[in-house]
Each structure stands twice: as C-alpha cells, then as structure tokens.
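A quick write-up on the structure given underneath.
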Amino acid sequence: MKIPAVKGTRDFYPPQMAVRNFIVEGWKAASRRSGFEEYDGPIFEYLSMYQIKSGEEIVEQLFSLTDRGGRQLAIRPEMTPTLARMVNQQIHTLPRPIKWFSVPRLCRAERPQKGRLREFFQWNLDIVGAEDVLADAEVIFCAVDYLRSTGLTAQDIVVRLSSRRLLAALLKEAGASEEQLAAIYGVLDKKAKVPAEAFEAMLQEAVPSDQMRGRILQVMNSRSLDELEPKTSEGREAMEELRRLFALLDLMGIGEYAQFDIGVVRGLAYYTGVVYEIYDRGASLRAICGGGRYDNLLRDFGGPAVSATGMGMGDCVLEILLREKGLLKDENLPTRRLDYYVVFAGEQWASEVVRLAAQIRLAGWACDFSYKGGNLGKQLKQADQSGAERAVLLGQEYTAGKLVVKEMKSGRQEEVSREDFLASLKRV
RNA sequence: GUGGAAGUAGCUCAGCUGGUUAGAGCAUCAGAUUGUGGUUCUGAGGGUCGAGGGUUCGAAUCCCUUCUUCCACCCCA
C-alpha cells in the first residue's frame, strides 16, 4: 500500500532541496549582511497564543492538536507570536535594537493554490526596540537587497508603501470614528483586489454617510504623497515620517524600488505605522513580501510597550517569480559537491581506494568512490556523473608510490607521489 | 468552505466509439569495453491504469463515491 504525500505538502528530493537551499541561503546571507542575528523557536505553541490577535477564521486555518496532558497546541502558522513571546521573556536583558531573523517552516490549513501551500518556509526579519522609521527602512533595505542579489531589478519588482498612521489620521479627518477604522481598513485593503463596483458596495456598507465616503474615496484616489494634505498634527507627523522613510530609501540607493500606494493597508489588525508589500510589476502573482510596524504587539503578548517592525517573505511565490524571470536554473544547482573521486585500475587496489578516500575526507575534502568498481572506464564515468572536480587514479604506478590526479573538466592529468598528494591536501 | 479541469511506468505522454498479454521517449540497472569519462549499440527491470464500489460475457475506457493535483473564489498572519 503506497501512502501519498499529504495535501499541500512538498517532498524535497535532492534537486528540490538544492532549490530550497539556494533560496534559504540567500535569505540568510542578506540578513547577515544587514547585521541581523538568527533565532528559532518550537514548531508548535499554545493554541491560545494565536487567538490573542486573531479571529475565529484564522484559528480555523490552524493545524491544532491536543497533547497527552490535554494541552491545546497548534503548529505555528506564523512566526511573529513566537518572536513576541521570546523577546518578551528576555526584554530586560537583550541589548536594543534587537535585530533578529529566522526562516521558520510554517503550516496553515488553507486550500492550496498557485503560490500557496499548506506547508512553506518564510523569511522573517524583525527589529524590536527602535521607534525611528530608520528601522523600517533597514528591514525594507534588507528585503530588497536579497531580491536584488537574485537578479531582480527595479523593473521587475516594486515596494508599495503606505502608513496606517497616516491613513488613520486622514480617515478621522474625514469623519471616521476610532471604532470604524478596523472595518474601513478591511474594505480599503480590497480596493485593488475586487471590481470597482463591488468595492463601492462594500464601502457603502462600512460608511453609510455619502459625504464621508466621498472624502475617503478622494484620499484613496491619491497617487502621490503631495496630493494629501493632513490637517491635524498627528496626520502631519505621520506624513513627515513617511517622507523621511522615502528619503532614507533613496539614501540607501533603493529609492527606485519604492512607491507610495495609499491602497496598501494589510488585512492584519496589529499594524500601527508604516506598511508595505512587495509585488512583481507584472502583478500576476500575489504579494512576495509584506510587513510593517506593530508597536503594540509585544504589549498585547504580556510584555512592555516596546515598538517593533518586521516583514515576512514566503518561499512559494518567490520561487515562481524567480522561475518566470529565468533566475532559477535548476540544472545549475548542484545536489552535492565533490573535490575528489578515487578510482582504481586493477582489483588489487580496491581496498587502497577505501583507505585513500578516507584519508582525503579526514583531511577535510569532499571525496567519494565507487562500490561497484568495474573497469577504469566505468569508474571514470561514475566520477564524471558524481560531478567531482578531480579523479585520483590508483594503478600500476602505485607500486612505486605514485598516483595519477586528473582534472575532470580539462582532462589534464599528472603523476604525483603519494606523499606529495597527501601533503597537498593539508594546504588551504 | 464554493466552483471548474485532470489523475496510465520515476518523469513527459500515447492508448480511436468497452474486446487478446497496456505501449513509446527520457531516466534507472546490466552487457558490448580488464589503464582513461559526457557518444553509440544491445538487453533487462519497473504499472492490480490514484483508491473503493457498480454496470457488463468482458472496463484504463461507461456510472457513482472518495483521495490527490492544478486553476479560480473565500481568506491570506
């Protein structure tokens, strides 16, 4: 009885694993370039942790379980609650700003579709304890730095930026109450995703007043920051903050990637300031990356009111985009890398192959050999298929203490003494 | 949760309106080749046709159920 893989999961055979490693290693390298430290947590947490800031619908999309002690647990669907929990536990001893990154494996019980599976990897970058918009700029810079390193240019992708804080101020100026904001955010988040008529119907339901709705639509139709004129001091401050963010991104040399877009709201309730999403300019895919400032989250998780900002980038959409752009060539990604492949010409050297291969490995080099043996031609064929840089050949000259080292790519080979060869392994 | 399309060898697919023992290419393994690899040639293994049930003398083919995949919704932390 063959058992199939579970719905929405992937098996990573060596070629797929090479792709995954290519992506994950790129994420990690970019994180380290910007001075982030890596952390991780458990793959399951208390179910209640995800109920703090999420509605029933979110909880339905969790993989949950009850352990033998009756604890209600859930496999992590996102990393931020774990981050908040971990940071809160050591908030008084960790030097700030806390710049952390992680590449957790996450699970969500959603219906799989293009760019979305039930199990995936997500790069998380967060900065805790820095209120200044410079921290937001750094997170965005790091994400763009990674995307640039894959070969994506400002012609391929765009960071759509806005500010919840600014939007809240403008909505209040238009007459919205604090209680109405969440509902209005929910509708505005749909603006680019549903037909215009459906959007207006939804907005009409959330905002019955024609006058107020007109003002909101005027705000939403703004194409640039200059068209907006906040009248309250809160609005002007939020505006200044956003302008400073754009100036910082220019200073960092990635200004051409950034674009103001009042329509970026993000569905999530916990964002309090700058929010952004990264899209491919072709716009055929869902967002590659999303993030923003969440100044209340640590407090909501029982800690002190420490500000934070962060972003998440999933592997599924990214992989599709890289493939579409021809930036992911599977055949160029090796599943292994060998420095040496030891072969013999003559059965009497078969056990010497094992001894020599072990010595090469103990000296710190990647080395393999054939179990099957066979004639020299067959063994070299295997050496070739293994992708080894060099073949080491044991034959008649070995009786005189010599062996042949062959460069597989060029075919050049030279005879060296066993001692010289072993000595050469110690260099580097 | 809703709707559409599809499941035949490890992969890509043939298999006409039901009819002998279900095929091909690639891949794998073995041999041609006992001191020199990417070529070529020969051969082999591998499928209860996604699973279960039904119709029929007879089902990969028709019907039902279910699972999985892909796509579009809902949602998207």
Side-chain angles (χ1 to χ4, degrees), chain A residues 1-11 13-15 45 49-62 74-84 104 106-118 120 122 124 186 189-190 193-195 198 265-271 275 277 284-287 289-292 294 297 310-314 316-317 320 341 343-350 370 372-398 403-413 415:
Chain A
M1 173 95 187
K2 277 187 191 165
I3 297 171
V6 173
K7 183 194 193 82
T9 65
R10 289 170 289 180
D11 289 329
Y13 288 89
E45 296 271 4
M49 200 165 85
Y50 300 110
Q51 293 169 323
I52 290 177
K53 66 180 180 80
S54 317
E56 276 305 306
E57 226 165 281
I58 298 285
V59 172
E60 277 171 25
Q61 292 185 338
L62 290 175
I75 300 175
R76 61 187 179 193
E78 59 170 325
M79 199 56 178
T80 309
T82 300
L83 171 82
L106 306 177
C107 293
R108 300 175 185 174
E110 297 176 294
R111 190 93 171 236
Q113 56 190 276
K114 189 174 188 183
R116 191 167 78 182
L117 295 169
R118 287 183 157 194
F120 57 95
Q122 188 188 62
N124 278 251
D189 188 49
K190 295 281 179 293
K193 299 164 188 169
V194 300
V265 180
R266 308 280 296 151
L268 199 59
Y270 64 59
Y271 287 112
V275 285
E277 290 174 342
S284 57
L285 301 169
R286 60 184 68 238
C289 164
Y294 49 96
L297 194 68
M311 73 95 202
M313 182 186 297
C316 301
V317 174
I320 294 169
Y341 198 96
V343 301
F344 62 80
E347 283 293 334
Q348 64 269 42
W349 313 118
S370 170
K372 292 182 294 200
N375 63 46
L376 187 59
K378 284 216 153 62
Q379 291 188 60
L380 281 170
K381 190 170 181 172
Q382 290 173 68
D384 182 46
Q385 286 172 342
S386 77
E389 293 280 319
R390 290 168 287 273
V392 178
L393 200 161
L394 303 189
Q396 282 171 340
E397 49 293 274
Y398 200 65
L403 37 77
V404 172
V405 178
K406 180 183 176 94
E407 292 283 339
M408 293 304 285
K409 205 173 267 176
S410 63
R412 267 200 307 267
Q413 60 185 56
E415 199 175 286

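Below, read A as the first sequence line, B as the second, and so on, with proteins coming before strands; counting in each chain starts at 1.
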Considering only heavy side-chain atoms of A/Arg111, the closest of B/U36, B/C73, B/A77 is B/C73

Checking all strands, does A/Gly411 fall into the base, sugar-phosphate, or nothing category for heavy-atom contacts under 4.0 angstrom? base

When you measure from the side chain of A/Gln113, which nucleotide among B/C73, B/G35, B/G37 comes out closest? B/C73

Taking atom types as modelled, find out whether A/Arg118 and A/Gln61 have a side-chain donor-acceptor pair closer than 3.5 angstrom. no

Please give me the minimum heavy-atom distance between A/Leu403 and A/Tyr398, naming the atom from each residue. CD2-CE1, 4.1 Å

Return no unless some side-chain N or O of A/Lys114 is found under 4.0 Å from OP1 or OP2 of B/C73. no

Does the base of B/U33 carry an N or O that pairs as donor and acceptor with the side chain of A/Lys378 under 3.5 Å? no

Side chains of A/Gln122 and A/Asn124: donor-acceptor distance under 3.5 Å anywhere? yes

Under 3.5 Å, is there any donor-acceptor pair linking the side chain of A/Gln413 to the base of B/G35? no

Of A/Lys372 and A/Ser410, whose closest RNA chain B nucleotide lies nearer the 5' terminus? A/Lys372

Base B/C76 paired with A/Arg266 side chain (donor-acceptor, <3.5 Å): no

Give a yes or no on whether a donor-acceptor pair under 3.5 Å exists between the nucleobase atoms of B/C76, that is its base, and the side chain of A/Arg286. yes

